[in-house]
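A quick write-up on the structure given underneath.
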Amino acid sequence: MNEYLQKALADALSRYELDRSSWPDIQIEKPRDPSHGDAATNLALMLAKPLQSNPRKIAEQLVEYLELDENLVSSVEIAGPGFINFRYSKDYLMKNLHHILQKGETFGSSDKNQGKRVLVEFVSANPTGPLTVGHGRNAVLGDTIARLLEWTGAEVDREYYFNNAGRQMRVLGQSVQARYLQLTGRDVPFPDGGYEGEYIRDIAKSLAVEFGDKLQDKEDISVFKERAEKEIFNDISATLNRMNIRMDSFFNEHDLYENSSIKEVIQALRKDDLVYDEDGATWFRTTKYGKDKDTVLIKSSGEPTYRLPDIAYHKNKLERGYDLCIDVFGADHIDTYPDVLNGVRALGYDAEKIDVLVYQFVTIVKDGKPYKMSTRKANFVTLDELMDEVGSDVTRFFFLMRSPSTHLEFDIAQAKEAGEKNPVFYLQYAHARIHSILRKVEDVAEFTGSPPLHLLEDESETDLIKNLLEFPEVIISAANSREPHRLINYLDSLAASFTTFYHDCRILGEDPKLMYARTALATATSRVLANGLSILGISTPESM
RNA sequence: GCGCCCGUAGCUCAAUUGGAUAGAGCGUCUGGCUUCGGACCAGAAGGUUUGGGGUUCGAGUCCCUACGGGCGUACCA
């Protein structure tokens, strides 16, 4: 419909003596206030300047030039400072409602990003402990963005990047070793800055059960490290599974060392004089890109900082032929990813294909006050604990509710007690209620032929239909802006719109034809709710 | 100090990316169940969009500035 209006306006516009290059963008939008119609354009306002004329006069002229099919658009009005408002015809609405019913569980999908190969990298937590509520936002955002993009036709891979080589992992191994020695009777101190969590003892215990005290004199900590990595990874995978997240691949940072990608990056950058040696370290000339300081890529110890493998990793992603690579990062990375992009660009790759989504941190509120978490100090709330309390539906919903760019306050107590009051139940309830009605309808009536949709005349009915029709556009905008909360806001208004209809119009006990038409409308609504919730990774119970 | 993000109703947050009278949920107050699921609905109160300037037909949204908060500012990740 938007395209149709745009084209009609463009045709009208072509009757002006105006250079095509100075044409403004023809924007069609849905007015905030429904009394302003179903669609509106500000074209006359935009033309005021180039035409040196009063916007209302321009609007009048435009409307005169405008040729619209009455079967699609029932009215055109000029309002306010010069907006042109359109109203959809009933025919148009009914035809599209029918279309929703036909498309069923694919309604809402589009080919907007057809043929695009996309890689979404998210979670990427190092395996040093269980996933916490702090990782939750990253995990759920990444997965839902992937789902949204799939609904717009893209081919999406989900990838988890992890580091099992660095200092953190060494500390992890030492922590397990210390617990193991303590368990087997040696009185050894726990390492400074070690991981204090209970899960470390569990891992040590499993080693003690398997090997007894045979590992006591091992100097090499790799046994401890590898066991810890394996067990923690299983744990992380299980948590992701519970949250409805399935990774397509796990990318191991260590591989970048083994296949010499890192060396190649350094060599290539050095050739362009973007890398130099000083004080025993190897530096990247980030001052060339407007930074205050150059950045160390290889420490004087010979060990790379994480930035170097990061550049190699992103180069690797682009080499794999993706058209778009999305990184989901917390706000703490905000200052570091430009280095990576500059590095990739300097290597001759198209950094435009990398899109970094930076979300603001989650503030955990526990017992009414902000709670500072640390994996190392073991004062954290794990995602598993949270899901034990509220389930995965509430967990996912909570993380998606807010725009990624604002701080998300996560009140543990509130989430736990949220129970019946939680907004996710409002959506599921609407869905369950529709199915309850549909079950009853099945008992009393049998419909044949296509539903007589023209009988839907009540305002709450047409409002609901209009609301349903927006679904595909909402998915596209949520996907392309990487903002899943838009879908939540939409579903919320859809559920509200259905409830208004439910209170105004009965289904059961009406004339069979009207009952059929309203049953069709209810079916379409439950379809859109179900499709929308499935994109969010949230279940759609038929009864609660 | 410098860089990035944020500041909207008592609280948590929206606002079609520059559009018309800034909206929801929670909380507060009033009303509504012998009829399809009351986990609901209708209504009320609550705002100088942190303050101040600017840009234009038009600003919560863009620019400058002050203040307040978060995150960075490592040869940590």
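For the numbers below, each heavy atom of this structure counts, side chains included, while hydrogens, waters and symmetry mates do not. Residue numbering restarts at 1 for every chain, and letters A, B, ... go by the order of the sequence lines. Everything numeric here is computed off the predicted structure, so don't read it as measured data.
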Worksheet item: For the side chain of F83(A), counting heavy atoms from C-beta on, which of rU16(B), rU35(B), rG19(B) is nearest?
Response: rG19(B)
Discussion item. Between rG69(B) and rA22(B), how many Å separate the two C1' atoms, rounded to a whole number?
Written reply: 23 Å
Discussion item. Should the side chain of D504(A) and the base of rA42(B) be counted as holding a donor-acceptor pair, with the cut-off at 3.5 Å?
Written reply: no
Worksheet entry | Separation of atom CZ in F425(A) from atom C1' in rC26(B), rounded to whole Å | 16 Å
Practice prompt. Evaluate the salt bridge (charged side-chain N to carboxylate O under 4.0 Å, His left out) criterion for residues E303(A) and R167(A): first the C-alpha distance (whole Å), next the side-chain angles of each, then the deciding distance (0.1 Å), finally the verdict.
Written response: CA-CA 10 Å; E303(A) 216 175 356; R167(A) 191 184 60 85; over 6 Å; no
Worksheet item: At under 4.0 Å between heavy atoms, what does E470(A) touch on the DNA or RNA strands: base, sugar-phosphate, or nothing?
Response: nothing
Worksheet item: Whole Å only: how far is the CG atom of L43(A) from the P atom of rC57(B)?
Response: 16 Å
Discussion item. Go nucleotide by nucleotide along RNA chain B from the 5' end; which of K49(A) and S436(A) gets its closest nucleotide reached first?
Written reply: S436(A)
Worksheet entry | Other residues, nucleotides, ligands: >12 heavy atoms within 6.0 Å of K299(A) NZ | yes
Worksheet item: Is any side-chain N or O of H435(A) closer than 4.0 Å to OP1 or OP2 of rG37(B)?
Response: no
Worksheet item: Reckon M544(A) touches a base, only the sugar-phosphate, or nothing at all at heavy-atom distances under 4.0 Å?
Response: base
Practice prompt. Would you indicate which nucleotide in rA14(B), rA20(B), rC36(B) comes nearest to any side-chain atom of S403(A)?
Written response: rA14(B)
Discussion item. Each nucleotide in nucleotides 71-77 of chain B should get exactly one letter: B, S or -. Can you fill that in based on protein heavy atoms under 4.0 Å?
Written reply: SSSSBSB
Worksheet item: Does the aromatic ring of Y429(A) sit over the six-membered base ring of rG37(B), closer than 5.5 Å centre to centre and tilted less than 30°?
Response: no
Practice prompt. Keeping the roles fixed (side chain from S175(A), backbone from Y195(A)), state whether a donor-acceptor pair exists under 3.5 Å.
Written response: yes
Practice prompt. Let me see the working for N138(A) and Y359(A) under side chain to side chain contact (heavy atoms under 4.5 Å, CB included), right down to the final yes or no.
Written response: CA-CA 8 Å; N138(A) 189 312; Y359(A) 62 90; 3.2 Å; yes
Practice prompt. Return the value, rounded to whole Å, for the distance between atom OH of Y337(A) and atom P of rC4(B).
Written response: 11 Å
Practice prompt. Starting at atom CG of L408(A), determine the distance to atom C1' of rA14(B), rounded to an integer number of angstrom.
Written response: 14 Å
Item to complete: Hey, could you give me each pair passing salt bridge (charged side-chain N to carboxylate O under 4.0 Å, His left out) that has a residue in residues 31-48 of chain A? Not counting sequence neighbours.
Response: D38(A)-K466(A)
Worksheet item: CZ of R433(A) versus P of rA39(B): gap in Å, rounded?
Response: 8 Å
Discussion item. By the 4.0 Å heavy-atom rule, please label D310(A) as base, sugar-phosphate, or nothing.
Written reply: nothing
Return all side-chain donor-acceptor pairs below 3.5 angstrom for residues 502-516 of chain A, not counting sequence neighbours, or 'none' if the list is empty.
| from | atom 1 | to | atom 2 | distance (Å) |
| --- | --- | --- | --- | --- |
| D511(A) | OD2 | K513(A) | N | 3.0 |
| Y516(A) | OH | G449(A) | O | 2.5 |

Discussion item. Rounded to the nearest 0.5 Å, what separates atom CD in E253(A) from atom OH in Y306(A)?
Written reply: 11.5 Å
Worksheet entry | D339(A) vs K291(A), salt bridge (charged side-chain N to carboxylate O under 4.0 Å, His left out): CA-CA, chis, key distance, verdict | CA-CA 9 Å; D339(A) 293 346; K291(A) 286 239 169 176; 3.5 Å; yes
Practice prompt. May I ask you to say what K440(A) touches in the nucleic acid, namely base, sugar-phosphate or nothing, with a heavy-atom cut-off under 4.0 Å?
Written response: sugar-phosphate
Worksheet item: With both distances kept under 3.5 Å, what pairs with rC71(B), Watson-Crick or G-U wobble?
Response: rG3(B)
Worksheet item: Under 4.0 angstrom, heavy atoms only, what part of the nucleic acid is N42(A) near: base, sugar-phosphate, or nothing?
Response: base
Fill in: Closest listed nucleotide, where the reference is the side chain of R32(A) and the choices are rC13(B), rC41(B), rG19(B)
rG19(B)
Worksheet entry | Distance, rounded to the nearest Å, where F410(A) contributes CZ and rU12(B) contributes P | 16 Å
Item to complete: Classify the nucleic acid contact of A496(A) as base, sugar-phosphate or nothing, counting any heavy atom under 4.0 Å across all strands shown.
Response: nothing
Worksheet item: In whole angstrom, what separates F397(A)'s CZ from rU12(B)'s P?
Response: 18 Å
